[in-house]
Amino acid sequence: MPNLLAHLNEPQLAAVTLPPQHALILAGAGSGKTRVLTTRIAWLISTRQLTPQGVLAVTFTNKAAREMHTRLAAMLPINTRGMWIGTFHGLCNRMLRAHHRDAALPQTFQILDSQDQLAAIKRLLRTLNVDDEKFPPRNLQYFINSAKEEGLRPPAVEAHDEYSRRCVELYAAYDEQCQREGVVDFSELLLRSYELLQRNELLREHYQRRFTHVLVDEFQDTNRLQYRWLKLLAGADSSVFAVGDDDQSIYAFRGANVGNMAAFEREFKVANLIKLEQNYRSHGNILSCANALILNNRHRLGKNLWTEAGEGEPVRVYEAMTDGQEAQWLVEEIRALARDGHARADMAVLYRSNAQSRVIEHALFSAGLPYRVYGGLRFFERAEIKHALAYLRLMENPNDDGAFLRVVNFPARGIGARSLEALQDAAKAANLSLFAAVETLTGAAAAKLGAFTRLIEALRSETRAMPLPELVEHVVARSGLLAHYQHEKEGQDRIENLRELVNAAVAFLSDEGIGQNVPADLGVANVAAPPAGVQFANVAPDIGAQGLEGAPADAADPVAPDTAPELSPLAAFLSHASLEAGENQAGEGDDAVQLMTIHSAKGLEFDAVFVTGLEEGLFPHENALTQASRFGDAASGGGAGRQQGAPPEQGLEEERRLMYVAITRARQRLYLSFSQTRMLHGQTRYSLKSRFVDELPDEALKWLTPRVQARGSASLEGWGGAWEGFGGSRGRGAGSGFGAGGAAGARATYDSGRLSGPEQRAAARFDRGIAYRVGQNVAHARFGEGVIVNVEGSGEDARVQVNFGREGMKWLALSVAKLQALG
DNA sequence: TCGGTTCAGAGTATT
DNA sequence: TCTGAACCGA
């Protein structure tokens with residue numbers, strides 16, 4: 001244990017060792033948030049306050065979930081497989097597979113990614129003969145997802161005009177279609193799981209008893225439904241440990257609700273608010289820029305980053321005349337850094353929008369500098385992969401009309417639009433899936449369609465005994481996909497990807513369970529047994545190491561999972577493919593400059609960071625300034641919109657937080673650049689420098705180009721001015737007041753309390769039956785409940801250090817203090 | 001069924 | 001300016 005806690009700073013230690021109470025950890029950028037979260041879990045387990053089964057730890061991305069698994073496995077001698085650590089979607093998937101009957105789903109339900117969902121909506125509109133000009137599929141998709149994320153089923157969506165009433169009808173029709181086909185979209189995973197828990201009291205209580213500790217990463221990014229889901233899962237005896245940073249909330253546009261932080265504090269009566277403000281990433285000048293900038297936001301919980309590292313280098317600012325020149329300057333600077341020994345992979349070029357990467361890529365490419373662009377198509381989103389997956393899905397679930405339509409005529413089998421139309425009519429009339437309706441047809445079309453369904457059935461029987469990778473390989477070949485691409489001129493890459501799919505299957509098998517795709521809930525039995533002698537004090541007796549989920553299924557028991565123990569490897573692989581889109585580009589191994597949007601940079605860090613395009617209208621983006629209208633076009637009518645009536649400054653504040661995120665990515669060197677002109681939408685646009693540049697402290701900046709006076713005057717005046725003589729630098733590169741004192745922050749205090757008078761001595765005898773040990777929960781008359789984090793001395797001199805949460809850390813002499821042992 | 005033309009739209013994005 | 005989607009003709 002001591003080594004677990006070693007090297008934690010005071011607030012970190014306080015957070016990690018909090019007694020089992022709700023807590024909100026305000027974790028600034030680079031403050032060791034993930035470390036605190038994982039160490040907290042490790043500490044609770046190793047002090048026997050918690051078993052691996054009692055943990056529910058939830059993140060947003062697979063990457064973060066993997067990171068948590070890895071770190072935890074490094075700290076504890078346990079197998080983290082089977083633990084409930086994963087993404088919201090991954091965990092909901094797991095719950096729905098385990099209780100699929102209760103959730104009214106087939107065990108092998110397929111998951112629609114956004115692409116699939118959009119295709120399903122388009123298909124729906126076609127079936128219903130709905131004018132897709134009037135009801136653009138994208139808007140409908142947004143409408144449906146927004147409603148689901150508000151927890152609203154069609155009947156609950158308010159519609160006060162004809163248009164929104166129609167949207168609601170289409171929403172209902174879409175849900176029916178999904179149900180018929182046995183498919184579930186991303187928001188449905190959440191909502192279905194939420195409703196399952198809400199409806200089934202026994203199940204809910206089971207999970208509530210089981211998850212004594214609920215830990216949430218990136219809490220500021222949770223949407224309303226996710227928050228409600230957490231509230232349902234946290235029972236009376238659960239402690240919720242939420243870690244987040246309101247200053248890094250940059251996803252309101254996709255439904256994130258920062259308000260959840262304040263709501264959590266209020267609704268859970270959070271007594272422990274701990275701020276992690278010591279930054280281990282960036283030098284002082286960088287942090288002073290971040291701090292000064294974010295101070296301009298009014299709606300904050302409040303936080304100030306500090307570092308023990310020195311001021312470091314000044315933040316460099318560059319003004320270009322054109323976007324092309326800005327890119328050229330980047331190239332020079334990157335070359336210079338590389339000459340100084342910096343790895344290119346440790347440099348990142350950030351921009352507000354993807355379109356900006358063009359110019360930069362062009363310049364890097366011409367200069368022969370290797371680079372890697374984030375974003376774009378990910379592995380499992382590629383067309384050829386989706387085709388292969390469609391075959392596999394159809395084998396698992398013939399009702400999946402989306403998959404059917406995707407590959408029924410790919411590769412071409414002479415099945416044209418007319419045949420399909422006939423098939424769709426027949427299916428609709430008989431209320432059958434397309435696959436099943438094939439049998440009802442007659443004629444020439446029927447023969448070809450029949451050949452297709454027989455192919456699928458043949459694939460199913462041929463591969464029955466095959467291991468997954470072989471199965472995938474077989475299907476890729478037998479379906480004709482491979483041959484199709486072999487005949488295509490530019491099919492080589494696609495063939496390569498299809499081979500890679502086989503490798504993905506191999507990899508999936510080898511680390512199955514590391515992600516959130518453990519079949520059903522049955523990995524629990526694989527969890528290494530806890531150290532001998534561990535009692536499951538905080539865990540309901542029916543959930544020991546074997547776990548309820550490890551027990552044989554019993555349909556009569558409403559809490560028991562109702563699936564057979566194993567989801568087929570194929571079905572598990574398919575959910576993996578939907579839930580984890582995979583890498584977006586090859587070449588990761590190269591020493592390449594990293595190009596990405598600021599959004600994708602969140603959570604990453606680099607030695608040198610270039611934040612480019614700091615221009616009004618671009619960053620802050622004009623759409624964010626004129627906001628409001630953007631939200632709730634389709635959805636507003638239904639009351640399902642996001643951010644309704646958001647005041648205009650909210651858009652600006654989110655942009656500013658984005659800038660804050662950008663700045664705090666840099667470890668040593670930060671460059672800010674902007675251009676007087678920029679090619680945008682085919683037109684040259686004259687830009688003013690971003691207000692964000694003006695919000696930074698002069699003394700932390702070093703101008704690489706002559707600085708133009710007041711805000712806004714940057715643009716045209718400098719234009720044409722021959723200021724080749726660079727190097728006019730203003731910044732003396734120094735701020736003061738960093739590093740040293742500022743450990744403002746954690747509320748916890750660390751006095752060594754000798755609080756009791758001699759008269760209490762008599763009462764101080766501790767129940768000898770229970771030894772004082774680290775992790776022991778105790779109660780104190782004055783300080784309330786706490787947990788022992790340290791024991792020192794013995795006999796009369798024995799002292800214990802107790803973390804009382806809000807009341808802080810105290811050293812208490814056992815001979816004096818009245819302490820009562822708790823469960 | 002494919003390939004070329006035309007036209008609209010152009011912010012950020014995970015699952 | 002560039003891209004992606006839809007559409008039409010061979």
Side-chain angles (χ1 to χ4, degrees), chain A residues 58-65 86-93 111-119 122 132-133 136-138 142 145 148-149 184-191 193 217-218 221-223 225-226 249-256 323 350-359 362 374-378 380-381 409-417 484 488-489 515-517 575-582 584 596-603 613 617-627 630-631 651 654-655 657-659 661-662 678-685:
Chain A
V58 57
T59 65
F60 279 87
T61 64
N62 292 300
K63 197 176 160 201
T87 62
F88 280 100
H89 294 86
L91 297 177
C92 287
N93 175 46
I111 299 166
L112 302 185
D113 67 18
S114 318
Q115 259 183 58
D116 300 333
Q117 185 188 32
L118 189 62
K122 285 181 180 167
D132 60 2
E133 301 252 308
R138 286 209 165 274
Y142 177 82
N145 289 336
K148 289 189 181 183
E149 285 167 20
V184 160
D185 62 52
F186 284 137
S187 13
E188 184 73 20
L189 282 173
L190 252 303
L191 182 54
S193 163
D217 191 22
E218 304 279 19
D221 289 340
T222 50
N223 65 34
L225 182 57
Q226 286 160 340
S249 161
I250 56 173
Y251 284 116
F253 71 89
R254 68 170 199 214
D323 47 357
L350 309 185
Y351 35 79
R352 172 68 241 259
S353 63
N354 286 304
Q356 290 167 248
S357 77
R358 292 181 57 73
V359 199
H362 179 76
Y374 281 65
L377 265 200
R378 319 256 296 267
F380 285 112
E381 293 165 353
N409 197 35
F410 192 95
R413 298 186 173 88
I415 298 171
H484 174 86
E488 211 175 54
K489 276 169 289 179
Q516 25 298 130
N517 300 299
S575 27
H576 166 78
S578 307
L579 287 172
E580 171 143 34
N584 64 4
M596 66 190 84
T597 63
I598 301 168
H599 281 90
S600 341
K602 191 178 165 218
L618 194 61
F619 192 20
H621 198 281
E622 53 202 353
N623 293 357
L625 301 175
T626 54
Q627 222 222 359
R630 242 196 70 244
F631 293 97
E654 178 143 324
E655 292 291 296
R657 291 192 291 268
L658 195 54
M659 179 67 180
V661 168
R678 183 172 297 273
M679 196 60 122
L680 212 63
H681 305 334
Q683 278 171 353
T684 302
R685 193 158 109 159

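Throughout, protein chains are lettered first and strands after them, A, B, ... in sequence-line order, and every chain is numbered starting at 1.
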Check your understanding: Does A:Arg254 place a side-chain N or O at less than 4.0 Å from the phosphate oxygens OP1/OP2 of B:dT12?
Key -> no
Point to revise | Among C:dC2, B:dT12, B:dT15, the one nearest A:Thr597 by side-chain distance | key: B:dT12
Review point. Does A:Phe253 lie flat on the base of B:dT12, that is, centres under 5.5 Å apart and planes under 30° off?
Key: yes
**Study point:** First encountered from the 5' end of DNA chain B, between A:His621 and A:His484
**Key:** A:His484
**Study point:** Any A:Ser578 side-chain nitrogen or oxygen under 4.0 Å from OP1 or OP2 of B:dT15
**Key:** no
Point to revise | Nearest-Å distance for atom pair CD/P, residues A:Gln115 and B:dT14 | key: 13 Å
**Study point:** C:dT3 to B:dT14 separation - C1' atoms, rounded to the nearest Å
**Key:** 24 Å
Point to revise | A:Gln226 and A:Asp221 side chains, donor-acceptor separation under 3.5 Å | key: no
Review point. Quick one: do the A:Ser353 and A:Gln356 side chains pair a donor with an acceptor below 3.5 Å?
Key: yes
Practice item. Provide, to the nearest angstrom, the distance between the CG atom belonging to A:Asp217 and the P atom belonging to B:dT15. Key: 13 Å
Review point. Is there a side-chain polar atom (N or O) of A:Ser600 under 4.0 Å from OP1 or OP2 of B:dA13?
Key: yes
Exercise for review: Can you label the angle between the A:Tyr251 ring and the A:His599 ring as parallel, tilted or perpendicular, going by 30° and 60°?
Suggested key: tilted
Study note, to complete from the structure: Once base and sugar-phosphate atoms are separated, protein heavy atoms under 4.0 Å mark nucleotides 4-10 of chain C, 5' to 3', with B, S and - as --S----
Study note, to complete from the structure: Whole-Å distance, A:Phe60 CZ to B:dT14 C1', equals 9 Å
Practice item. Check every strand shown and say whether A:Arg358 touches a base, only sugar-phosphate, or nothing at a heavy-atom separation below 4.0 Å. Key: sugar-phosphate
**Study point:** Separation of atom CG in A:Asn623 from atom C1' in B:dT12, rounded to whole Å
**Key:** 10 Å
Point to revise | Among B:dT15, B:dT12, C:dT1, the one nearest A:His89 by side-chain distance | key: B:dT15
Review point. Would you say A:Asp323 and A:Met679 make side-chain contact, with heavy atoms under 4.5 Å?
Key: yes
**Study point:** Nearest listed nucleotide, side chain of A:His599, among B:dT14, C:dT3, B:dT12
**Key:** B:dT12
Review point. Is the shortest side-chain N/O distance from A:Asn62 to OP1 or OP2 of B:dT15 below 4.0 Å?
Key: yes
Check your understanding: For A:Arg413, does its backbone N or O pair with a side-chain atom of A:Asn409 as donor and acceptor, under 3.5 Å?
Key -> yes
Review point. Separation of A:Gln356 atom CD from B:dA10 atom C1', in whole Å?
Key: 12 Å
Exercise for review: For A:Glu622 and B:dT12, give me the distance from atom CD to atom P, rounded to whole Å.
Suggested key: 12 Å
Review point. Got a donor-acceptor contact below 3.5 angstrom from the A:Asn145 side chain to the A:Ser187 backbone?
Key: no
Revision key, fill the gap. Walking DNA chain B from its 5' end, the first of A:Asn409 and A:Gly682 to be reached, judged by nearest nucleotide, is A:Asn409
Review point. Among the nucleotides C:dT3, B:dT1, B:dA13, which one has an atom lying closest to any side-chain atom of A:Tyr251?
Key: B:dA13
Review point. Any ion pair linking A:Glu580 and A:Arg378 (charged N to carboxylate O, less than 4.0 Å)?
Key: no
Exercise for review: State whether A:Asn145 places a side-chain N or O below 4.0 Å from either non-bridging phosphate oxygen (OP1 or OP2) of B:dT15.
Suggested key: no
Practice item. Can you tell me the distance, in whole Å, between the CG atom of A:Leu377 and the P atom of B:dA13? Key: 13 Å
Exercise for review: Quickly work out the A:Leu112 CG to B:dT14 P distance and round it to whole Å.
Suggested key: 19 Å
Check your understanding: When we call it a touch if two heavy atoms are under 4.0 Å apart, what does A:Gln117 touch: a base, just sugar-phosphate, or nothing?
Key -> nothing
Point to revise | Trace of the side-chain hydrogen bond (donor to acceptor under 3.5 Å, both in side chains) decision for A:Asp113 with A:Ser578 | key: CA-CA 6 Å; A:Asp113 67 18; A:Ser578 307; over 6 Å; no
Review point. Would you say A:Asn354 reaches B:dT12's phosphate, i.e. side-chain N/O to OP1/OP2 under 4.0 Å?
Key: yes
Review point. Does a salt bridge link A:Glu622 with A:Arg685, judged by any charged N lying under 4.0 Å from a carboxylate O?
Key: yes
Practice item. Report yes if a side-chain nitrogen or oxygen of A:Arg378 is closer than 4.0 Å to either non-bridging phosphate oxygen (OP1 or OP2) of B:dA13; otherwise report no. Key: no
**Study point:** A:Thr61 side chain, from C-beta outward: closest of C:dT1, C:dT3, B:dT14
**Key:** B:dT14
